[in-house]
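Presented below is the structure to which this report refers.
Counting starts at 1 for both ligands and their atoms, following the listed order. Quick caveat: nothing in here was measured; it's all calculated off a predicted structure.
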Amino acid sequence: MTQLATMLLIQISAVSATVLNLPTVNLPLPTLGSDMRATDLRCEYLCEPLGIDVVQPRLSWKLQSQWRGRKQTAYQVLVASNEELLRDNRADLWNTGKVTSDRSIQVAYAGRPLASRTRCFWKVRVWDRDDKPSPFSAVATWEMGLLEPDDWQAKWITAPGDEDGMPPAPIFRKTFVLSKPVRQARLYICGLGYYEAHLNGGKVGDHVLDPAFTRYDRRALYVTYDVTGQLKSEFNAIAVVLGNGWYDMDAEAAWNFNKAPWRARPTLRCQLEVTFTDGTARTIASDGTWRVAPSPITFNCIRQGETYDARREIPGWNTADTSDANWSLTKVGPGPKGTLSAQMMPPIQVIGTLKPVKVAEPKPGVYVFDLGQNIAGWARLKTSGPAGTKVVMQYAERLNDDGTIDQKDIAVHTKSTPFQTDTYILKGEGTETWEPRFVYHGFQYVQVTGLPGKPDADTIQGRIVHTALDQAGLFECSNDLFNKIQRCTLWAYVGNYHGYPTDCPHREKNGWTGDAHLAAELGLYNFDAAAAYTKWMTDFKDEQRDSGELPGIVPTAGWGYAWGNGPAWDSAYLLIPWYMYQYRDDTRILTEHYERFKRYVDYLTSKADNGIVSIGLGDWVPAKTETPAKVTSTGYYYRDALIVSKVAAMLGKTDDARHYADLAMRIRDAFNRAFFDPKTGLYAGGTQTAMSCALYHGLVHPAERQRVVDKLVERIEKNDNHLDAGILGTKYLIDALTANGRADVVYKMATKTTYPSWGHWIAQGATTLWEQWDGGASRNHIMFGHISAWFYQALAGINLSPDAVGFKHVVIKPQLLGDVTWVRAEHESMYGTIKSAWDVKGDRFTLKVAVPTNTTATVYVPCDEEQFAKEGPSTIHSGDHVRFARLEDGYVVFEVESGTFEFHSKLSR
Ligand code: BGC
C-alpha cells in the first residue's frame with residue numbers, strides 16, 4: 001500500500017474510531033443534561049477559515065453521543081466578535097436563541113452584518129428529545145476577508161522592463177520597521193500566476209501553486225494568512241516571488257492559453273495589516289516603493305518545466321539583513337481585470353514524499369527513477385558537485401523499450417519544447433537540495449542527466465502535490481482487484497485536482513467538464529470536495545456566455561466553445577450543484593446558479609430540432625461501438641430540464657417548474673420517438689451506451705423498462721460480459737443496471753481482467769486510471785472512475801435516501817455479489833461517519849453499521865426468507881432503536897436510529 005493510501009486510511013480510521021466503538025445497549029442517562037456534543041464545527045465546509053467573503057456563511061456541526069437514537073431537537077448558536085464575550089455566553093453578533101430544529105448542517109448566519117476583517121468566534125449547543133441541553137461546543141472561528149474594493153490599499157505591481165520575453169521570475173520585496181509589540185498580523189495576497197511569500201526568512205503558509213487558477217479577467221483569488229508569529233520587533237522584510245502559472249503561460253499548445261485575453265507579466269497585490277498591542281494599526285501595502293530583482297528561477301512554464309540557476313541566488317533575499325538598494329523599483333500596473341474574491345477551498349499542498357522503488361541506468365549517465373506510482377507533483381533533487389553543473393530532470397509515465405522515458409503521448413499537443421522538464425544548475429556549495437516552485441507534472445518516472453556522480457536512494461524523491469482534499473471515504477473488501485481499482489481511483493482523483501478538476505496532470509491540465517461530472521459522485525463519496533466544487537462552479541459562472549453557451553474546459557482562455565463542449569460535458573454546471581444538494585444538502589449552490597442553469601437549458605432548446613439535440617461530443621473513447629452523439633446529448637438535455645424544474649419547485653417558482661417539467665416530458669417523448677424501436681425493444685440499434693443512457697436518465701416508458709433491461713443484459717452477455725462503452729456509457733451501465741436490480745452484471749464487468757476492463761489496466765501495472773480501454777494516450781485520467789461510487793453504493797450499500805438529502809437518512813443496502821465475502825466501508829458525511837461492514841461465513845451473514853447521531857437509516861439485511869418466516873426478525877437483530885419494517889426481495893428491512901448496530905442473518909443456500 002502506498003504512503004498516501006496508508007496515510008489516508010489511518011486518518012479515516014482515527015476519525016471514526018470514536019464513533020464506532022460504542023456500546024450496543026442503551027442505558028438510562030446518568031446526567032441531567034444531554035450527553036450529545038457538537039464537534040467538528042465548520043464554516044462554509046472549511047475548518048476555521050480566514051478571509052472569507054460569503055456574507056452569510058453556513059455553519060455545520062457534527063453530534064457525538066455514546067448512546068443510540070440521539071437526535072437534535074433544537075440548537076442555539078452564539079457568535080461573538082471576541083472570545084471573552086463568548087466565554088460569558090454574550091453573543092454580540094448573533095444569538096439564535098433556542099431554535100426548534102433538527103438541522104445541524106448548512107445553518108446560514110443571520111446575525112449582524114459582518115464587516116471586513118471581523119473575526120467571529122462561535123459555539124453551539126443542542127437539545128435532545130427530552131429537551132435536555134448539551135454543553136456548549138468548543139469555540140470555533142471564522143474571519144471575514146476584505147469585502148469592499150476600498151479595503152485594498154495595495155496597488156498591483158509588476159517588474160519594470162519585464163514586458164518582453166520571459167525573464168526570470170521576479171522577487172518583490174519591502175523592508176519595514178515595527179517599533180511596537182504586535183498583537184495580530186494578516187497578510188492578504190494575490191500574486192499571479194503563482195506567488196510564494198516569505199517573511200523574515202521563512203515561507204508564509206504551506207500553500208503551493210497558489211492562488212487557484214481562475215479566469216483572471218473575470219476573477220482572481222486572494223488568500224489570507226495569519227502571520228503574527230513571523231513578524232519581528234524592529235527590522236522586517238517581506239519578499240514575494242511570482243511564477244507565471246496560467247497568467248503568463250507562454251507554451252504553444254492546442255488550447256491557446258498563450259493567447260489568453262488576460263495574459264500579462266506576473267503581478268502582485270498584497271497588504272500586510274499589523275495591529276499593535278496598543279490598538280493602533282499599520283498596513284504595509286504593495287506599491288511603487290517596493291523593490292524588485294530577478295530570482296534564480298530563470299524559466300518557469302506550467303507545461304514545460306522550471307529552471308533554477310543556484311549561482312544566481314541572492315543571499316538574504318527574504319530577510320531584513322540584506323540591503324536591496326541596488327534592486328529596481330517596481331511599477332504600479334493595472335492588474336487583472338477580474339474581481340478579487342476570497343479563495344475558499346483547500347489549497348494545493350505538498351501532500352507527501354515517495355521514495356523511488358527502482359533506479360536504472362539505461363544509458364551511461366542517464367538515470368531513470370521509478371516511483372512505482374503515477375502521481376502529480378515533482379521531484380526533489382539532492383546532490384553535490386561543482387558550480388555550474390546542470391542537472392536535467394524529465395518526467396514521464398511510460399518508458400521506451402530501451403528503458404529511457406517516453407513523453408510522446410503526453411507531449412503530443414504542446415509545440416514548445418522541452419516538455420515537463422526541470423533543470424537545476426548547481427552553485428557548488430556542499431549538498432544542494434532543490435525542488436521546483438511554479439510547475440507540476442504528471443509522472444511515474446524521472447529521467448535525470450548531468451548528475452555529478454552516481455545517484456543514491458536520496459538523489460530523487462517524488463513529491464505528491466495536489467489540492468489538499470481530506471479523504472471522506474474508505475472502502476476495502478475481500479476482492480483484491482476491487483481494492484486495486486479503488487486505490488487507482490483515489491490516486492487519479494487527487495492527481496487531477498489542482499484548484500480545479502483536470503482531465504490529466506500532464507498532457508493537458510485542462511478542466512474538462514465532462515470528465516469532472518462523471519467523477520463527481522465518486523469524488524463526494526471519497527473526499528471532502530464540496531468547497532472545491534463550489535469554487536469551480538463559480539468558474540463556470542465566469543465562463544458562461546450570454547447565449548447560455550459553456551466551454552468544454554473551465555477555466556478557458558476562449559477555447560472550447562466551438563469544439564469539445566455540448567450537453568454531455570456542459571451539464572457539469574447543473575449536475576455537480578445537483579450532487580452537492582443530494583450529498584451535502586447544499587441548496588445555496590442551486591439558488592445561486594439557478595438563472596444560469598435556465599439560460600443553459602434555453603440555449604439547448606434553441607439548438608434542438610423537435611426535441612433532439614445533436615450538438616456536442618458523444619460517448620468518448622468507447623471500447624469499440626460508437627453511439628450517435630444525439631442520443632447522449634438529448635439524454636442530458638432531458639436531465640438538465642428536469643433539474644431546472646426541480647430547483648424551480650424548491651425555490652417556489654411554480655411557472656418555471658411547470659415550464660421545464662413540460663419541456664422534459666416533450667424531450668422524453670422526442671427521445672423515444674427518435675431512438676426507440678418498439679418492435680425490437682432496442683434504443684439506437686441497441687448499443688450498450690444507448691440502452692443504458694435511456695435507462696439511466698429515466699427516459700424509458702415504465703411498461704418497457706424490464707424489456708429494455710433484459711435486452712441490455714442480453715447484449716452484454718453476448719459480449720462475454722464485457723462492457724462496450726466510453727466514459728458516458730460506463731457510468732450509465734453501472735448506475736442503470738444497479739438501479740434495475742442487475743448489479744450482478746456490473747460485478748461481472750468489473751471483475752474482468754481482459755480488454756476492455758479496469759482489471760485489464762491493473763493487469764498491465766496501472767497505478768491510476770487510464771484514458772482509454774486499450775491503454776493508449778494518458779495513463780492518469782479520472783473519467784472512468786465511477787465504479788468507485790458503485791463500491792460504496794452496491795457492495796457496501798451506503799446510499800442516499802430518495803426522501804432526504806445530505807445523508808440525514810441513509811439507506812444501507814449491501815449486495816452480495818460474486819465471490820465477495822467481506823466489505824468494510826465508511827463515508828464521512830456532514831453528520832458524521834456512516835459505516836457499513838459485512839462478512840459472510842458459511843451461511844451466516846453479519847452486518848455492522850454506524851449511523852451518525854441526529855440521522856436515521858433504513859438497513860437492508862439479506863436473509864433466507866424461510867428462515868425468517870420461522871424465526872422472525874428478532875434473531876437478526878434485537879434491541880432498541882431498531883424497528884423491523886418489512887420483508888423485501890430477499891432482504892429483511894429495518895428502520896434504525898443513530899448509533900452502532902450489528903445484524904446477523906442466515907442466507908439462502
Ligand atoms: C481529454 C478528455 C476530454 C476529451 C474531450 C481529451 O483530450 O483528455 O478527457 O474529455 O478530450 O474531447
Quiz item: Taking only residues two or more places apart in sequence, or in another chain, which ones meet K535 in a side-chain hydrogen bond (donor to acceptor under 3.5 Å, both in side chains)?
Solution: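 Testing K535 for side-chain hydrogen bond (donor to acceptor under 3.5 Å, both in side chains), a comparison that skips the adjacent residues, returns D539.
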Self-check item: Test side-chain hydrogen bond (donor to acceptor under 3.5 Å, both in side chains) applied to R463 - qualifying residues, sequence neighbours left out
Solution: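 Scan of R463 (side-chain hydrogen bond (donor to acceptor under 3.5 Å, both in side chains), adjacent residues dropped) gives T353, E435.
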Exercise. May I ask you to decide whether D542 forms a salt bridge with R215, counting only side-chain N to carboxylate O separations under 4.0 Å?
Key: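 Looking at D542 and R215, the cut-off is not met.
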Quiz item: With A492, which residues qualify under side chain to side chain contact (heavy atoms under 4.5 Å, CB included), at least two apart?
Solution: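 Counting only residues at least two positions away or on another chain, A492 forms a side chain to side chain contact (heavy atoms under 4.5 Å, CB included) with T768, L769, N780, I782.
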Quiz prompt | Residue E626 excluded, over 12 heavy atoms near CD under 6.0 Å | solution =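 Open.
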Quiz prompt | Identified ring-ring contact (aromatic ring centres under 6.0 Å, His included) counterpart of Y500 within the set F213, F540, W536 | solution =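 Among the candidates, only F213 passes.
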Quiz item: Near ligand 1, which residues have a heavy atom under 4.0 Å away from one of its atoms?
Solution: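 Heavy-atom contacts below 4.0 Å: D503, R507, E508, W512, D515, W563, W569, L617, W620, E771, H781, M783.
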